[in-house]
Amino acid sequence: MSEALKTLIAACRKGEQPYQALVERVPYAQFLGIRIEARGEELSFVLPKADTNVGNPTLPALHGGAVAGFMEQAALIFLLLEMGEPKLPKTIDFTIDYLRAGLFRDTFAECRVTRLGRRIGNVNIEAWQTRRDEPIAIARAHFLLSDEGA
Amino acid sequence: MTSDTTPKYTRLEICRRFITSVRHSTELGIEVTEAEEHRVTAIMPWQARLVGNPDTGILHGGAVFAFLDQVGGLAVATRVYPSFEITPTIDFRLDHLRAPAKGKAVVGVGECYRLTEHVAFIRLTAYEEGQQHDPLATGLATYMRMKISAQNYFGKSKA
């Protein structure tokens with residue numbers, strides 16, 4: 001991964017840069033409008049409601065793809081920060097179950113690293129809107145942890 | 001005057017109207033190119049704002065996911081034609097076989113290989129334009145059938 005990203009992660013950990021900077025460097029994360037709220041090193045991921053993320057105009061409901069993209073990006077950043085010596089995670093697979101309609105409101109994501117190996121990481125992600133124990137979607141993903149440039 | 005059994009729109013028209021009604025998909029720039037009973041094809045142009053890795057310009061996996069999720073919905077729409085249904089995704093698994101090339105449009109193909117009363121089973125493939133033999137992502141998904149008429153969904157205006 002690039003030296004610039006390594007430097008940025010180190011600066012976030014020291015509190016010299018907001019964690020939001022990790023979102024700002026990823027065009028797609030900005031396209032979705034993802035926010036990171038940090039309390040110390042505890043991060044919450046937020047997808048503020050936005051017209052551009054609507055999928056069903058009649059309900060209205062968020063596009064499942066926007067919710068999934070948000071969850072994948074949350075997992076990427078979460079995993080990046082879990083590693084002592086960060087390697088760039090690349091998504092191998094992403095699997096999602098939609099449990100409820102994602103209504104037109106703010107969405108939150110919580111990540112849990114199930115397994116962090118040398119080469120592969122497994123992350124579980126839950127997205128919710130009104131209550132943490134009523135997720136709108138649950139997902140799991142495998143990431144290849146790469147030293148290479150790309 | 002057309003008889004009541006003549007559908008008002010072709011499969012391709014229904015799919016295109018569907019996309020037009022979905023704001024996120026219009027933001028992704030999705031365009032439907034072919035719609036047959038068992039197969040739908042759409043294209044998503046490369047856009048700088050959909051990039052996941054700023055160092056390489058490679059599209060974000062989430063953008064490919066959102067694209068194929070939409071293609072899956074289209075695959076149901078073209079299968080149940082001439083009726084129209086809202087079909088939320090139940091589950092979706094996407095495998096990223098390789099990274100899409102920078103600057104290249106992504107083509108998505110959705111095939112509804114089984115349709116039951118309540119569930120549609122869809123197979124999905126994505127590749128770069130002209131590279132159909134070298135897919136970059138494959139997916140499997142199920143969608144729930146919620147029967148609603150096209151008129152209720154699209155409104156009463158006639159195109």
Side-chain angles (χ1 to χ4, degrees), chain A residues 1-5 24-32 34 50-76 88-102 104 137-144 146 148-150, chain B residues 18-28 30 44 47-73 86-99 102 108 137-144 146 148 152-155:
Chain A
M1 66 192 268
S2 68
E3 283 309 312
L5 180 53
E24 281 162 10
R25 62 179 291 283
V26 179
Y28 177 72
Q30 281 191 287
F31 164 71
L32 292 180
I34 297 173
D51 291 338
T52 49
N53 291 337
V54 166
N56 176 336
T58 51
L59 260 178
L62 298 177
H63 196 287
V67 174
F70 163 56
M71 293 168 82
E72 182 177 334
Q73 181 59 46
L76 283 163
L88 195 68
K90 295 178 185 173
T91 314
I92 301 170
D93 57 56
F94 184 89
T95 308
I96 186 166
D97 295 333
Y98 292 101
L99 307 176
R100 294 177 176 82
F104 186 59
I138 53 176
R140 63 189 182 83
H142 287 101
F143 298 96
L144 186 67
S146 165
E148 296 156 31
Chain B
F18 182 16
I19 289 294
T20 309
S21 74
V22 178
R23 175 67 188 272
H24 190 64
S25 295
T26 60
E27 295 288 331
L28 293 172
I30 300 174
M44 179 175 75
Q47 283 190 63
R49 63 182 183 163
L50 301 181
V51 163
N53 185 333
D55 298 327
T56 58
I58 289 169
L59 286 180
H60 198 286
V64 176
F65 182 98
F67 172 47
L68 287 182
D69 185 27
Q70 182 61 68
V71 172
I86 297 291
T87 54
T89 315
I90 302 170
D91 65 43
F92 197 122
R93 176 199 166 108
L94 187 62
D95 290 343
H96 294 278
L97 308 183
R98 62 180 177 81
K102 180 185 177 180
T138 54
L140 269 185
T142 53
Y143 292 77
M144 183 162 54
M146 298 175 76
I148 170 177
N152 287 346
Y153 184 74
F154 292 124

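Naming: A, B, ... by sequence-line order, numbering from 1 per chain. Note that the coordinates shown come from a computational prediction; the quantities given were computed from them, not determined experimentally.
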Please identify which of these residues, Ile90(B), Thr89(B), Asp91(B), meets the side chain to side chain contact (heavy atoms under 4.5 Å, CB included) condition with Tyr98(A).
Thr89(B)
Given Gly69(A), Ala61(A), Ala66(A), the one with more heavy-atom pairs under 4.5 angstrom with chain B than any other is Ala66(A)
If you tally heavy-atom pairs under 4.5 Å against chain B, which of Thr52(A), Thr91(A), Val26(A) wins?
Thr52(A)
Side chain from CB out, backbone as N, CA, C, O: work out which of these in [X] comes under 4.5 Å of a heavy atom of chain B, or both, or neither.
| X | answer |
| --- | --- |
| Leu76(A) | side chain |
| Leu99(A) | neither |
| Ile92(A) | backbone |

Which residues pass the salt bridge (Lys or Arg N to Asp or Glu O under 4.0 Å) test with Arg140(A), not counting sequence neighbours?
none
Inter-residue atom distance Thr58(A).OG1 - Ile86(B).CD1, 0.5 Å rounding
5.0 Å
How long is the straight-line distance from CD of Glu72(A) back to NE2 of His60(B), given to the nearest 0.5 Å?
5.5 Å
Under 4.5 Å between any side-chain heavy atoms of Leu88(A) and Asn53(B), yes or no?
yes
With a 4.5 Å heavy-atom cut-off, do Asp51(A) and Arg23(B) have their side chains touching?
yes
The test is salt bridge (Lys or Arg N to Asp or Glu O under 4.0 Å); show your working for Asp55(B) and Arg25(A) and say whether it passes.
CA-CA 10 Å; Asp55(B) 298 327; Arg25(A) 62 179 291 283; 3.7 Å; yes
Could you go step by step and tell me if His63(A) and Gln70(B) meet the side chain to side chain contact (heavy atoms under 4.5 Å, CB included) rule?
CA-CA 9 Å; His63(A) 196 287; Gln70(B) 182 61 68; 3.1 Å; yes
Asn56(A) vs Val22(B), test: side chain to side chain contact (heavy atoms under 4.5 Å, CB included). Steps then yes/no.
CA-CA 6 Å; Asn56(A) 176 336; Val22(B) 178; over 6 Å; no
Output yes when a side-chain donor or acceptor of Tyr28(A) lies under 3.5 Å from a complementary backbone atom of Gly62(B), and no otherwise.
yes
Which bit of Ala48(B) is near chain A, if near means a heavy-atom gap under 4.5 Å: side chain, backbone, both or neither?
backbone
For chain A, which candidate among Asp69(B), Leu50(B), Thr26(B), Asp95(B) shows the most heavy-atom pairs at distances under 4.5 Å?
Leu50(B)
For the candidates Gln47(B), Glu27(B), Met144(B), which exhibits the highest count of non-hydrogen atom pairs separated by less than 4.5 Å from chain A?
Glu27(B)
Run the ring-centre check on His24(B) versus Phe31(A) and record whether the distance is less than 6.0 Å.
yes
How are the rings of Phe94(A) and Phe65(B) set to each other: parallel, tilted or perpendicular (split at 30° and 60°)?
perpendicular
